[in-house]
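Accompanying notes for the structure given below.
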Amino acid sequence: MIKVAIKESLEKALSGACQQGLLGSLECPDTAIVIERPRSPEHGDYACGVALKLAGKAKMPPLKIAQTLATAVESDIANFASAEVAPPGYINFRLQKDVLQEALRTIHKNGPDYGRSSVGGGKKVLIEYVSANPTGALHIGHGRGAVFGSCLANLMRFGGFKVEEEFYVNDAGVQIAQLGACCWSLYKKHFGKDSEYPTEGYPAESLQPYVDELIAKHKDEFMALDDEAGVKIMGLTAKVIIEDSQRRLLERLGVSFDRWFSELPLHAEGKVDNAIEVLKKSSLVYESEGAVWLKAKDLGDERDRVLVKGDGTKTYLAGDAAYHLDKFQRGYDLLINIWGSDHHGQVPGLKAVIAALGHNPEQLEVILTQMVNLSRDGQVVRMSKRMGTIIYLEDLIDEVGRDSVRYYLAESSPSNAISFDLELAKKTSRENPAFYIQYAHARCCAILRRALEPTLNQETQKEEPALITADEWTQWKRSFAESPEVFARVFEDDPEVFVQQKKLIMQLALFPEEVEESVISRQPGRLARYAYEVANDLQKFYEVCRVITDDKEVMKARLGLIDATKQVLANALAVIGVTAVERM
RNA sequence: GCGCCCGUAGCUCAGUGGAUAGAGCAUCCGCCUUCUAAGCGGAGGGUCGUUGGUUCGAAUCCAACCGGGCGUGCCA
């Protein structure tokens, strides 16, 4: 990567200059070198402001430091870039033309693997997300977690991590008992037996579809049971049905898990008790008022937390302790939990329990996803369970389609509340970025088809041979791989065209850097926005330069650029899980 | 009250302590005999919530305050 090469070269120059005493009072370089991309083209392709940072410590004018570094670095990078100094003390780097050819060659060579990185170092990561209670349908908030989690998993896999995805099913607590009670009531009612619906329960309308499914499957076979057994079997049976419908819905969104991890066995197999025993040995646990407490306050939480309630039942935290102990025992290097931001209060408690269990809480990263507000043509759609205006994920996918849902939920940073406009997400125009990126990809495909496939002449109704045969094309690609020189034919003398070409190629060349930065900052949304930039640069190039021309060699070179653009768009879209469509 | 997150163009959002704070939409003005105009170009639009501080330099770091969201159970 060019950026890395520049950075390393500068680091070398910096420590060399220090040793030679060229930097005044500065003896060792303790300032991190940041390479940035200047906004204005007159500042080159890359820039570094490290001389400005060093000026104070070195007690030297920044321009002089920049000059020293630039001179030292020049010969090192001479084969791909030039360095120049600009006031107040920047070092600007300008890439040579053949770097652009080299970038395209790399794209062609690596294809679907272009951009793949090894920053993850093969570390094993478990990403746990969605983990919705199996007591009802998924709504748009779950959708955001699902899309973000699945994008992060794709991204980290692409970035060299070994990733597993897991859905934790809270099927052990009171909510299952409550689900059972509600369903039991509806079940009995269906077979003509009067029954009071639990007052504290889930809304009957939301459960009715599942009970209907349950009845279709099991008929009246449970009617002989007494209430206690009935509630129990209803809880278990309804849970399976609901979990199944959640699974099918998530699959429609392109979200699938390596494992659906059930809480129930943790209790049944004594793993929760075991975790509590381990905690008790740590002397970070005490009994008070008939309950067992964790000294969470000593471990960074705002107060202590109950593990075992006065009635002997375990809290959510106790189950989580066992679950996370299990995760650690499975040998992951890193755990990532994606939670709705309404659970942020639980983070310190979980970190505390992990520390008390003798593990490093820093191995757990909790990423919180903020709310999704819906709007329609700019008008806010209020979401409320009580008013029945809650938007279910299924309805959303039905209305705007899987790709738009994924794009919009992936695009933004999870820490920001977002607003999802239903009408915008359906539009097939520039306004809708999800569409715009797909359109760009389809346009690349259309151009390639036009050149490489036989066409039907509209006037004569006769098939005309492809402008370039398949053989010619593979041969060109091969010669390009061996010597990027053949690509030089793409470059235009017309400065207006060249500017757009260079912009597009530079953008494509940045993809690996973009991937790494996204991986490190855990922000797959950056790649969604990056894809949009690529689409935009493609459109601008398309406007000023025809790909299909009479000069075959020029045409092939330009097709090479279109092919590379298509590849980069496809690779970025693959990470965010949006389909790269070939025709529109 | 306390804790966490967020305040950037009319709207939706970018913005890793650095050069003139950026996109898209919306508004106005241009551009179709040409590979998809489902598009492109141009213009206007900003006290980066406020006030202090650190720094050669702050939208970015720190503090206080003002707004909005969420949380603050022996609920999950």
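All values below come from the heavy atoms of this structure, side chains included, with hydrogens, waters and symmetry mates left out. Predicted model only: the values in this text are computed from it and were never measured. Just so it is clear: chains get the letters A, B, ... in the order the sequence lines come, proteins before strands, and each one is counted from 1.
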Separation of [X] atom [atom1] from [N] atom [atom2], in whole Å?
{"X": "A:Tyr408", "N": "B:C25", "atom1": "OH", "atom2": "P", "value": "11 Å"}
{"X": "A:Asp537", "N": "B:G24", "atom1": "CG", "atom2": "C1'", "value": "14 Å"}
{"X": "A:Lys297", "N": "B:G3", "atom1": "NZ", "atom2": "P", "value": "13 Å"}
{"X": "A:Asp301", "N": "B:C4", "atom1": "CG", "atom2": "P", "value": "12 Å"}
{"X": "A:Arg522", "N": "B:U16", "atom1": "CZ", "atom2": "C1'", "value": "15 Å"}
{"X": "A:Trp339", "N": "B:C4", "atom1": "CH2", "atom2": "P", "value": "17 Å"}
{"X": "A:Gln507", "N": "B:A23", "atom1": "CD", "atom2": "P", "value": "13 Å"}
{"X": "A:Tyr532", "N": "B:G22", "atom1": "OH", "atom2": "P", "value": "17 Å"}

Q | A:Tyr436 and A:Tyr532: CA distance, side-chain angles, deciding distance, ring pair (Phe, Tyr, Trp, His ring centres under 6.0 Å) verdict | A | CA-CA 7 Å; A:Tyr436 185 71; A:Tyr532 185 79; 5.2 Å; yes
Distances for protein N/O vs nucleotides 54-59 of chain B N/O pairs under 3.5 angstrom?
from, atom 1, to, atom 2, distance (Å)
B:C56, N4, A:Leu52, O, 3.2

Using distance alone, with no hydrogens and no angle criterion, decide if [X] and [Y] have a side-chain donor and acceptor under 3.5 Å apart.
{"X": "A:Thr579", "Y": "A:Asp403", "answer": "yes"}
{"X": "A:Ser412", "Y": "A:Arg144", "answer": "yes"}
{"X": "A:Gln523", "Y": "A:Ser521", "answer": "no"}
{"X": "A:Asn170", "Y": "A:Glu263", "answer": "yes"}
{"X": "A:Glu166", "Y": "A:Tyr323", "answer": "yes"}

Sidechain N-carboxylate O distance under 4.0 Å for [X], [Y]:
{"X": "A:Arg526", "Y": "A:Glu514", "value": "yes"}
{"X": "A:Asp45", "Y": "A:Lys3", "value": "no"}
{"X": "A:Lys314", "Y": "A:Asp273", "value": "yes"}
{"X": "A:Glu84", "Y": "A:Arg94", "value": "yes"}
{"X": "A:Asp171", "Y": "A:Lys239", "value": "yes"}

What's the spacing between [X] [atom1] and [Y] [atom2] if we round to 0.5 Å?
{"X": "A:Ile447", "Y": "A:Arg546", "atom1": "CD1", "atom2": "CZ", "value": "9.0 Å"}
{"X": "A:Asn373", "Y": "A:Ile140", "atom1": "CG", "atom2": "CD1", "value": "9.0 Å"}
{"X": "A:Met555", "Y": "A:Trp473", "atom1": "CE", "atom2": "CH2", "value": "10.0 Å"}

Hey, what are the protein-to-nucleotides 7-13 of chain B N/O distances that come in under 3.5 Å?
from, atom 1, to, atom 2, distance (Å)
B:C13, OP1, A:Ser419, N, 2.9

Q | Integer angstrom distance from the C1' of B:U55 to that of B:G17 | A |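 These two C1' atoms come out 9 Å apart once rounded.
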Show the distances under 3.5 angstrom between N or O atoms of the protein and N or O atoms of nucleotides 31-38 of chain B.
from, atom 1, to, atom 2, distance (Å)
B:U34, O2', A:Arg546, NH1, 2.1
B:U34, O2', A:Arg546, NH2, 3.3
B:C35, O2, A:Val547, N, 3.4
B:C35, O2, A:Ile548, N, 3.1
B:C35, N3, A:Val547, N, 3.1
B:C35, N4, A:Tyr542, O, 2.9
B:C35, N4, A:Cys545, O, 2.9
B:U36, O2', A:Tyr439, OH, 2.5
B:U36, O2', A:Arg443, NE, 3.0
B:U36, O2', A:Arg443, NH2, 2.2
B:U36, O2, A:Tyr439, OH, 3.2
B:U36, O4, A:Met584, N, 3.4
B:A37, OP2, A:Arg443, NH2, 2.2
B:A37, OP2, A:Tyr542, OH, 3.1
B:A38, O2', A:Tyr439, OH, 3.4
B:A38, N6, A:Met584, O, 3.3

Q) Is B:C32 in the syn range, within 90° of 0, or in the anti range? A)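 Chi for B:C32 falls in the syn range.
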**Q.** Among A:Asn536, A:Thr565, A:Asp537, the one residue meeting side-chain hydrogen bond (donor to acceptor under 3.5 Å, both in side chains) with A:Gln507
**A.**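 When side-chain hydrogen bond (donor to acceptor under 3.5 Å, both in side chains) is applied between A:Gln507 and each of A:Asn536, A:Thr565, A:Asp537, only A:Asp537 qualifies.
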Q: Side chain of A:Glu431 only, please: which of B:C25, B:G41, B:A23 is the nearest?
A: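 When the side chain of A:Glu431 is considered, B:C25 is the closest of B:C25, B:G41, B:A23.
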With 3.5 Å as the limit, what N/O pairs link the protein to nucleotides 43-45 of chain B?
none

(Q) Please compare A:Glu263 and A:Gly49 by the position of their nearest nucleotide in RNA chain B and report the one closer to 5'. (A)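 The residue mapped nearer the 5' terminus is A:Gly49.
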Q. Does the base of B:A19 carry an N or O that pairs as donor and acceptor with the side chain of A:Asn92 under 3.5 Å?
A.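 Indeed, a donor on one side and an acceptor on the other fall under 3.5 Å apart.
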Q. In dot-bracket notation, what is the pairing pattern of RNA chain B, taking Watson-Crick (N1-N3 plus N6-O4 or O6-N4) and G-U wobble (N1-O2 and O6-N3) contacts under 3.5 Å, with [ ] crossing and | for other strands?
A. (((((((..((((....[...)))).(((((.......))))).....(((((..]....))))))))))))....
Q: Could you tell me whether A:Arg443 sits above the aromatic face of A:Tyr542, with NZ or CZ closer than 6.0 angstrom to the six-membered ring centre and within 45 degrees of the axis?
A: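 The answer is yes, since A:Arg443 meets both limits relative to A:Tyr542.
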Q.
Over 60° means perpendicular and under 30° means parallel, so tell me whether A:Phe261 and A:Tyr168 are parallel, tilted or perpendicular.
A.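 Geometry flag for A:Tyr168 against A:Phe261: tilted rings.
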Provide a list of protein-nucleic acid N or O atom pairs under 3.5 angstrom, restricted to nucleotides 66-74 of chain B.
from, atom 1, to, atom 2, distance (Å)
B:G73, O5', A:Arg303, NH2, 3.1
B:C74, O2, A:Gly310, N, 2.5
B:C74, N4, A:Glu289, O, 2.7

